[in-house]
Peer 1: 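Pasting a structure below so you can have a look.
What you see is a predicted model, and the numbers here were worked out from it, not measured in a lab. Naming convention: chains lettered A, B, ... in sequence-line order (proteins, then strands); numbering from 1 in each chain.
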Protein chains: 2
Amino acid sequence: MPTDLTKKVCKRSQKRCFNVYLLGRFRIPKEIFFVTWEQVLKMRFETSTIKDIAKALGLSTSTVSRALRDRYEISEETKKIVLAYAEKVNYRANPIARSLKERRSYSIGIIVSEIANNFFSQVINGIESIAYNKDYHVIISQSHESYKQEKLNVEHLASRSIDGLLIALSSETQDIDYLRDLYAKGLPIVFFDRVPENFETHKVIANNFKGSFDATEHLILSGKRVIAHLTNSETLSNTKERLEGYKAALTKYHIEFKPELVKYCQHGGMHSAELEQAVKELLPLKPDGIFISSDRLTTGCILALKNTNPEVAHKIAIAGFTNSNLVELFSPSLTSVKQPAFEIGQVATELLISMIEAKRPITEFETKILDTELVRMKKNLGNRFL
Amino acid sequence: MPTDLTKKVCKRSQKRCFNVYLLGRFRIPKEIFFVTWEQVLKMRFETSTIKDIAKALGLSTSTVSRALRDRYEISEETKKIVLAYAEKVNYRANPIARSLKERRSYSIGIIVSEIANNFFSQVINGIESIAYNKDYHVIISQSHESYKQEKLNVEHLASRSIDGLLIALSSETQDIDYLRDLYAKGLPIVFFDRVPENFETHKVIANNFKGSFDATEHLILSGKRVIAHLTNSETLSNTKERLEGYKAALTKYHIEFKPELVKYCQHGGMHSAELEQAVKELLPLKPDGIFISSDRLTTGCILALKNTNPEVAHKIAIAGFTNSNLVELFSPSLTSVKQPAFEIGQVATELLISMIEAKRPITEFETKILDTELVRMKKNLGNRFL
DNA sequence: ATTCTTCATGCAAGCGATTGCATCATTTTT
DNA sequence: AAAAATGATGCAATCGCTTGCATGAAGAAT
């Protein structure tokens, strides 16, 4: 790629010729330019390689490689020399070369709907805490709750040779055959938060049933009787589980379950119109409490309430899943169900890495269920500042 | 790595022997196991390579490679055949191999303090929007406002052969020599939001001066006269610029600048104690307005106010930098300065990619300044629901 | 007809690291 | 003393892809 060279233009086709390099009118010895360009490339990140060390120490590259990896074949003495020299020249193994040779990249892919979502960013922190310790890198992608985007990202990651995948499905996703394909080809996958049925692998979720039960029960115990339920796409695993928790609490207190009080949001609250519509449909039923089943929906619903019906916004008790650390700032205030996001990330990562590093195919899979925490609304606070 | 083999234990040293493989008591022909293991590795991600295509089509790998890359040397006919076949077998170039050969990875590193911060997650969305289009991958790392972590992450990324780096410095960072080193070695770097002085490269920032001026002026025009300023680490570029904007607004309205009304938070509000301390020191000065200069500080300060001095929290007017999309939910409500986060990400990425792909060293650098937006508090809303 | 261009393709050398096996000197065992 | 085992190291192939250059055929220019 000798940019200093004029390439001759072919008279016939008017395209640039190849194999013919001109400097002015003279054919020139290419070496001059090639060497220059090569040097430029070499200079860029002039890091020492195993070869350099080998040459400097009068050893072979294999010996150096083995010494660096602390293999038993190499004598202690040699190891010491190699290690010392490597340290001196600040040698870093080229991870790309290693990946090529070892057919793995020491990186794991993460797919979440939005990193801006508190729950997911906390999960990611959990993932990183484990991954970095075990010397894995993480590559984060966002699906923005779109199936198409999700699939694209996963395939992009797969082509980048990730060693494993951690994924929370988008609210749109129904068809996970593309994941099955990759899984069948040997890509370890661990699902978290939003997990599919009929997919035999490790999964990590919050105790959605209990979280919902607790939140709903809390509303009931505060005297609410007409409790609506605003929730995510019907297809998501946690939507179902949370609905069950809600129902169970109603049952326990002998409150009749009314399907019309349940509203699903296909896009998980990505569009505010969706939420406003749901709120609009719900209000005529005069709910005195709403239980909301996801982070984005919770904040979105309060916003929608405030925007469309400010006069009732403060009269309806709200309990919802959210990992926002700003809940205390919200007005109207609410009771929140916090998922153990950080831990979910940690556990999922541990499972994934165990799969990646397993010597032989795994046949036993677990679904880990971690408890949620109910953070009750500070009652007085809520009123004092109203 | 033939795991099916028992390695004989050396009687002398009690270590496992090498070069000697046993199956039960018999020395066995190693090939059997090696082949098996190789096959397992092969099977994992059984993707077709250029070699496979070449063999199937009776061409050389060079021709296939060139055809796939649409080089002019190859005839249209051959290209068509190769492309069709590649499509058929769903060929994907191995990016690792390509990276090794080309000495670049087609990925760019991002360092932010927290992805959970709305500003940064929006920046990241902007970065992705450009990067993915140009076929670059992004790798996100968080410094958590720690210098040590930041340096570690940058070096980790660099060793992963990123092609370029987008970075917003942590609030702790003072010494950027490690970045200078990498830059000198040829790593393109673009700074955004928190940029260093004396570093000749592209930078992208918000118009911090004007943003601060506007916010402060807004407070003044609402009748406030004792306006405190809560801000980030004194060393950050935007801290200085925002302070200047604040001062300029005071000057314009003939309000005396009082240094004691300015409080710096070294850790950018990562520790709530830091904020509570600042609030505690500020309140005795009886401010009737506070201008806060960063996302995390803004929310953190309101929280601290509410927690420590709920009785005054609603009496002090607050204006602050924040990109939170939940501002409308906050109580007390506030006036916010929104940075053009998405655009900052886009512009920074475009600049970075232009550096990466530049044919020759760049000597002219730009600092792009994008305008902020002032979102005024909804006055009635603020009161009606109090 | 001869020489020069133009086109199309293949050869082979890397990129940096890993690793099976050969080699050889040195024990240890029989 | 001969045979076997051990210990330390090097050779060379390989991962998948890119690319400078050689090659050889066909067409154009002289």
Peer 1: Rounded off to whole Å, could you give me the CZ-to-P distance for the A:Arg69 and D:dA8 pair?
Peer 2: 20 Å
Peer 1: Could you work out which one of C:dT9, C:dT18, D:dT18 sits closest to the side chain of B:Ile74?
Peer 2: C:dT9
Peer 1: Taking NZ, NE, NH1 and NH2 as the nitrogens, is one of them in B:Lys55 or B:Asp52 under 4.0 Å from a carboxylate oxygen of the other?
Peer 2: no
Peer 1: Considering heavy-atom distances to DNA chain C, does A:Arg98 or B:Ala97 have its closest nucleotide positioned more toward the 5' end?
Peer 2: B:Ala97
Peer 1: To the nearest angstrom, how far is A:Lys51 atom NZ from D:dG10 atom P?
Peer 2: 16 Å
Peer 1: What's A:Thr78 touching, base or sugar-phosphate or nothing? Going by heavy atoms closer than 4.0 Å.
Peer 2: sugar-phosphate
Peer 1: Can you check nucleotides 11-13 of chain C for protein contacts, nitrogen or oxygen pairs under 3.5 Å, and list what you find?
Peer 2:
residue	atom	partner	partner atom	Å
C:dC11	N4	B:Ser62	OG	2.7

Peer 1: Counting only side-chain N and O atoms of B:Tyr91, is one of them less than 4.0 Å from OP1 or OP2 of D:dC17?
Peer 2: yes
Peer 1: Taking 4.0 Å as the cut-off, does a side-chain nitrogen or oxygen of B:Arg103 come that near to OP1 or OP2 on C:dG16?
Peer 2: yes
Peer 1: For the side chain of B:Glu102, starting at C-beta, report the closest nucleotide among D:dC15, D:dT18, D:dC17.
Peer 2: D:dT18
Peer 1: Rounded off to whole Å, could you give me the CD-to-P distance for the B:Glu73 and C:dG10 pair?
Peer 2: 13 Å
Peer 1: Is there a donor-acceptor pair closer than 3.5 Å between any side-chain N or O of B:Asn94 and the backbone N or O of B:Ala97?
Peer 2: yes
Peer 1: Under a 3.5 Å threshold, yes or no: a donor from one side chain and an acceptor from the other, between B:Ser65 and B:Ser62?
Peer 2: no
Peer 1: By side-chain hydrogen bond (donor to acceptor under 3.5 Å, both in side chains), which residues pair with A:Gln142, not counting sequence neighbours?
Peer 2: B:Asn125, B:Glu128
Peer 1: To the nearest 0.5 Å, tell me how far B:Thr61 OG1 sits from B:Leu68 CG.
Peer 2: 11.0 Å
Peer 1: So what does B:Ile50 touch, heavy atoms closer than 4.0 Å: a base, only the sugar-phosphate, or nothing?
Peer 2: sugar-phosphate
Peer 1: Between the two ends of the helix from C:dA1-D:dT30 to C:dT30-D:dA1, what is the bend in degrees, rounded to 10 degrees, where each end axis spans five pairs?
Peer 2: 50°
Peer 1: Between B:Glu77 and B:Lys80, is the salt bridge (Lys or Arg N to Asp or Glu O under 4.0 Å) condition met? List the steps.
Peer 2: CA-CA 5 Å; B:Glu77 202 189 358; B:Lys80 217 173 287 172; over 6 Å; no
Peer 1: Quick one: ring-ring contact (aromatic ring centres under 6.0 Å, His included) partners of A:Tyr132, sequence neighbours excluded?
Peer 2: A:His137, B:His156
Peer 1: Closer than 4.0 angstrom, basic N to acidic O: yes or no for B:Glu102 and B:Arg69?
Peer 2: yes
Peer 1: Could you give the CG-to-P distance, from A:Leu100 to D:dA13, as a whole number of Å?
Peer 2: 17 Å
Peer 1: Base, sugar-phosphate, or nothing for A:Ile96, non-hydrogen atoms under 4.0 angstrom?
Peer 2: nothing
Peer 1: In whole angstrom, give the distance that lies between atom CG of B:Leu68 and atom P of D:dC17.
Peer 2: 9 Å
Peer 1: Which residues pass the side-chain contact (heavy atoms from CB on, under 4.5 Å) test with B:Lys101, not counting sequence neighbours?
Peer 2: none
Peer 1: To the nearest angstrom, how far is A:Tyr72 atom OH from D:dT9 atom C1'?
Peer 2: 14 Å
Peer 1: Between C:dG16 atom P and B:Arg104 atom CZ, what is the distance in whole Å?
Peer 2: 16 Å
Peer 1: State which residues pass side-chain hydrogen bond (donor to acceptor under 3.5 Å, both in side chains) with A:Ser146; sequence neighbours excluded, sorted by chain then number.
Peer 2: none
Peer 1: Whole Å only: how far is the CD atom of A:Glu76 from the C1' atom of D:dG7?
Peer 2: 13 Å
Peer 1: What nucleic acid atoms does A:Ser65 come within less than 4.0 Å of, heavy atoms only: base, sugar-phosphate, or nothing?
Peer 2: base
